[in-house]
2 protein chains.
Amino acid sequence: MVRALKYAILGLLSQESCSGYDLSMALSGALQEFWSANHSQIYPELKRLSEEGLVDYQVEISGNVLERKVYSLTEAGRADFLEWLHREEDIASPPKDVFRLRMFFANEMEPERRRDLIAHELTLHRERLARLRGKREQFAVPPEPSSPALGDYMVLTGAVRREEASCEWLSWCLTVLDGAATDTEEKGNENV
Amino acid sequence: MVRALKYAILGLLSQESCSGYDLSMALSGALQEFWSANHSQIYPELKRLSEEGLVDYQVEISGNVLERKVYSLTEAGRADFLEWLHREEDIASPPKDVFRLRMFFANEMEPERRRDLIAHELTLHRERLARLRGKREQFAVPPEPSSPALGDYMVLTGAVRREEASCEWLSWCLTVLDGAATDTEEKGNENV
DNA sequence: CGCGACATGTAAGCAGTTACATGATTAT
DNA sequence: ATAATCATGTAACTGCTTACATGTCGCG
């Protein structure tokens, strides 16, 4: 994956200097819709980036003794990030998806169980979609193309679209399996 | 990922006994839209499955000396596969996506370059979509829910939906960045 | 005083990619 | 002949997850 985490970290630091803990929160919070990482991956990566001279840090004390390393981009780090950001990369291979792998073998499932599994998956994706739509509604108006909120807004919209597509597909699966084989080009949006 | 490759292999073998090479072709061919694996991962996994008693094989000779190990499911293998197939699993975390990670930092890109990168990505996804639609059109009519073609048809439809959503999102990104901030609930399907 | 959030790290192991390594068969 | 495809394996490395390990701070 050619060190994607490295650039996720550099990118976040380019917006604001922060600690490993803060990065960990970001990568299991807002960004989590398209990139995630645990602290056990972040701390070693920060150490490495520091050794590579792409970031540096100063130790702050919260309270009396609790140490907090606040990382910031070096010039080299910012240059490296911007080079990556503007690079043209090949299209990624389609994402792996265990649920779809199982659906590939759908004909070997017991019909009732199959229906339940799909219905359950649909419920979970609808919940995720509702949560994403809620977050998206917090943007009253699209941000300026130069504002840091732009990326947030764009990827959030992408995540909503992705979940809509999942929900549509799962709804369609249910109708196909009910024998009511409907036109595949149906609108289907009432299911979302 | 709790040994997804194991079940991909068991599932394929439940449809038809075949060699590691055949599995390798399947996992870099038809199934590739939602699961993939290289031969360097498949051969060791087959060895392990054999040791676990979930598959067995017989050596066939193609031509004069070329050996070909044809694997088939054992009873234990079939039972293990069916148990997995009917298991209710948690929803997967959202798939990682490097392009979207980059778009999260879109405000730091040079506007023209940004436009080019998105337009290029859109072209690639449109190509993938066209290829998937072509494959899907080979199904004149939806397969019977008990036929082995069912899974194929279902996941192919899901892949089409996924790519449509990607194309719609990328088109939308272009219009947003052009300053012509349009309603986010627009149909947008003329872009796909 | 206890709980949840803040804060930082390491270790073991699994999954997956790229590269190394070899050789036979078939079609042009 | 030679290139593409068939066929099977191993080694080294990267990325990621789960678990181990420790301790502070602020609030109720």
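Here is how names work: the chains are called A, B, and so on, in the same order as the sequence lines, proteins then strands, and each is numbered from 1. Heavy-atom basis, side chains included; hydrogens, waters and symmetry copies ignored.
Under a cut-off of 6.0 angstrom, the local environment of CD in B:Glu60 is crowded, with over 12 non-hydrogen atoms contributed by other residues, nucleotides or ligands.
From one end of the helix from C:dC1-D:dG28 to C:dT28-D:dA1 to the other, with five pairs defining each end axis, the axis direction shifts by 30° (rounded to 10°).
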Between the protein and nucleotides 22-25 of chain D, list every N/O to N/O distance that falls short of 3.5 Å.
{"residue": "D:dC25", "atom": "OP1", "partner": "A:Asn64", "partner atom": "N", "Å": "2.6"}
{"residue": "D:dC25", "atom": "OP1", "partner": "A:Val65", "partner atom": "N", "Å": "2.7"}
{"residue": "D:dC25", "atom": "OP1", "partner": "A:Leu66", "partner atom": "N", "Å": "3.4"}

Might you list the N or O atoms of the protein lying below 3.5 Å from N or O atoms in nucleotides 10-15 of chain D, with each pair's distance?
{"residue": "D:dG15", "atom": "OP1", "partner": "A:Arg3", "partner atom": "N", "Å": "2.9"}

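A salt bridge links B:Glu52 and B:Arg3; the closest N-O separation between the charged side-chain nitrogens and carboxylate oxygens is under 4.0 Å. With respect to the salt-bridge test (charged N to carboxylate O, under 4.0 angstrom), the residues B:Arg161 and B:Glu164 qualify.
One distance of note links CD of B:Glu163 with CG of B:Leu132; it measures 6.0 Å at 0.5 Å rounding. To the nearest 0.5 Å, the span separating CZ on A:Phe99 from CG on B:Asp90 amounts to 13.0 Å. Separation of atoms CG (A:Asp22) and NZ (A:Lys69) is listed at 14.5 Å; rounding is to 0.5 Å.
Partners of B:Tyr7 under the side chain to side chain donor-acceptor pair (under 3.5 Å) rule, at least two apart in sequence or in another chain, are B:Asp80. In this structure, A:Tyr21 has no ring-ring contact (aromatic ring centres under 6.0 Å, His included) partners at least two apart in sequence or on a different chain. Applying the side chain to side chain donor-acceptor pair (under 3.5 Å) criterion to A:Asp152, with sequence neighbours excluded, gives no partner residue. Under the rule for a salt bridge (charged side-chain N to carboxylate O under 4.0 Å, His left out), B:Glu144 has no partner lying at least two apart in sequence or in another chain. Residues satisfying the side chain to side chain donor-acceptor pair (under 3.5 Å) test with A:Ser50, not counting sequence neighbours, are none.
To the nearest angstrom, C1' of D:dC6 lies 8 Å from CE of B:Met25.
Linking ILVMFWY residues whenever their side-chain heavy atoms come closer than 4.5 Å, directly or via other members, places A:Val59 and A:Leu23 in the same cluster.
Counting 5' to 3', DNA chain C first comes under 4.0 angstrom of a heavy atom of chain B and last does so at the ends given by C:dA15 to C:dT25.
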Using atom types as modelled, flag every donor-acceptor pair under 3.5 Å from a side chain in residues 24-42 of chain A to any protein atom, sequence neighbours excluded.
{"residue": "A:Ser28", "atom": "OG", "partner": "A:Ser24", "partner atom": "O", "Å": "2.9"}
{"residue": "A:Glu33", "atom": "OE1", "partner": "A:Arg162", "partner atom": "NH2", "Å": "2.6"}
{"residue": "A:Glu33", "atom": "OE2", "partner": "A:Arg131", "partner atom": "NH2", "Å": "3.4"}

Hey, can you pull the donor-acceptor pairs under 3.5 Å for the side chains in residues 105-117 of chain B, sequence neighbours left out?
{"residue": "B:Glu108", "atom": "OE1", "partner": "A:Arg78", "partner atom": "NH1", "Å": "3.2"}
{"residue": "B:Glu108", "atom": "OE1", "partner": "A:Arg78", "partner atom": "NH2", "Å": "2.8"}
{"residue": "B:Glu108", "atom": "OE2", "partner": "A:Ser14", "partner atom": "OG", "Å": "2.4"}
{"residue": "B:Arg113", "atom": "NE", "partner": "A:His86", "partner atom": "O", "Å": "2.7"}
{"residue": "B:Arg113", "atom": "NH2", "partner": "A:His86", "partner atom": "O", "Å": "2.7"}
{"residue": "B:Arg114", "atom": "NH1", "partner": "A:Pro145", "partner atom": "O", "Å": "3.0"}
{"residue": "B:Arg114", "atom": "NH1", "partner": "B:Ala106", "partner atom": "O", "Å": "2.9"}
{"residue": "B:Arg115", "atom": "NE", "partner": "B:Asp178", "partner atom": "OD1", "Å": "3.2"}
{"residue": "B:Arg115", "atom": "NH2", "partner": "B:Asp178", "partner atom": "OD2", "Å": "3.4"}

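For the contact set between residues 6-22 of chain B and DNA chain C, defined by any heavy atom under 4.0 Å, there are no members.
Relative to the six-membered ring of A:Trp169, A:Arg100 meets both conditions, a distance below 6.0 Å and an angle of at most 45° to the axis.
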